[in-house]
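Taking it in order: structure first as structure tokens, then the write-up.
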Amino acid sequence: MKTRWIFILSAAGILAACYVAYLSTITHAAEPPVFNPAANPYADGIYAEGMVESTQSSGEISTCIPRSRAL
């Protein structure tokens, strides 16, 4: 009698695992933005993150790291 319940519970576990695997593959569409992003005030701006290398022979390499306030 115990063996029958073990097989029933294992089959239910396999079915539950398959159902959860199916649910995890479903993708939802992204929602549209709440508001339009701000317009770029600099039409010909150059933006960079991290390391900025100069193309001039006398230039130097600058690191652009955002600084945070110390508490």
Side-chain angles (χ1 to χ4, degrees):
M1 192 65 159
K2 284 185 179 181
T3 335
R4 182 177 180 189
W5 284 107
I6 290 174
F7 283 115
I8 291 173
L9 287 175
S10 64
I14 291 172
L15 289 175
C18 291
Y19 180 69
V20 169
Y22 169 74
L23 288 180
S24 66
T25 59
I26 296 175
T27 56
H28 300 285
E31 295 183 10
V34 178
F35 55 89
N36 291 332
N40 184 3
Y42 307 104
D44 297 328
I46 299 174
Y47 303 95
E49 287 185 17
M51 184 79 60
V52 179
E53 297 183 20
S54 175
T55 57
Q56 300 174 350
S57 60
S58 62
E60 63 183 52
I61 297 175
S62 303
T63 305
C64 301
I65 300 174
R67 309 239 175 184
S68 61
R69 290 186 189 177
L71 296 176

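Just so it is clear, the structure is predicted and the values come from calculations on it, not from any experiment.
- Here Leu9 contributes atom CG and Ile14 contributes atom CD1; the two are 11.5 Å apart, rounded to the nearest 0.5 Å.
- When hydrophobic side chains of Ile, Leu, Val, Met, Phe, Trp and Tyr are connected at separations under 4.5 Å, Leu15 ends up as a singleton with no cluster partners.
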Which pairs would a plain distance check flag for residues 17-35, meaning a side-chain donor or acceptor within less than 3.5 Å of a matching protein atom at least two apart in sequence or in another chain?
{"residue": "Ser24", "atom": "OG", "partner": "Val20", "partner atom": "O", "Å": "3.4"}
{"residue": "Ser24", "atom": "OG", "partner": "Ala21", "partner atom": "O", "Å": "2.9"}
{"residue": "Thr25", "atom": "OG1", "partner": "Tyr22", "partner atom": "O", "Å": "2.7"}

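- Applying the side-chain contact (heavy atoms from CB on, under 4.5 Å) test to Ile6 and every residue at least two apart in sequence or in another chain returns nothing.
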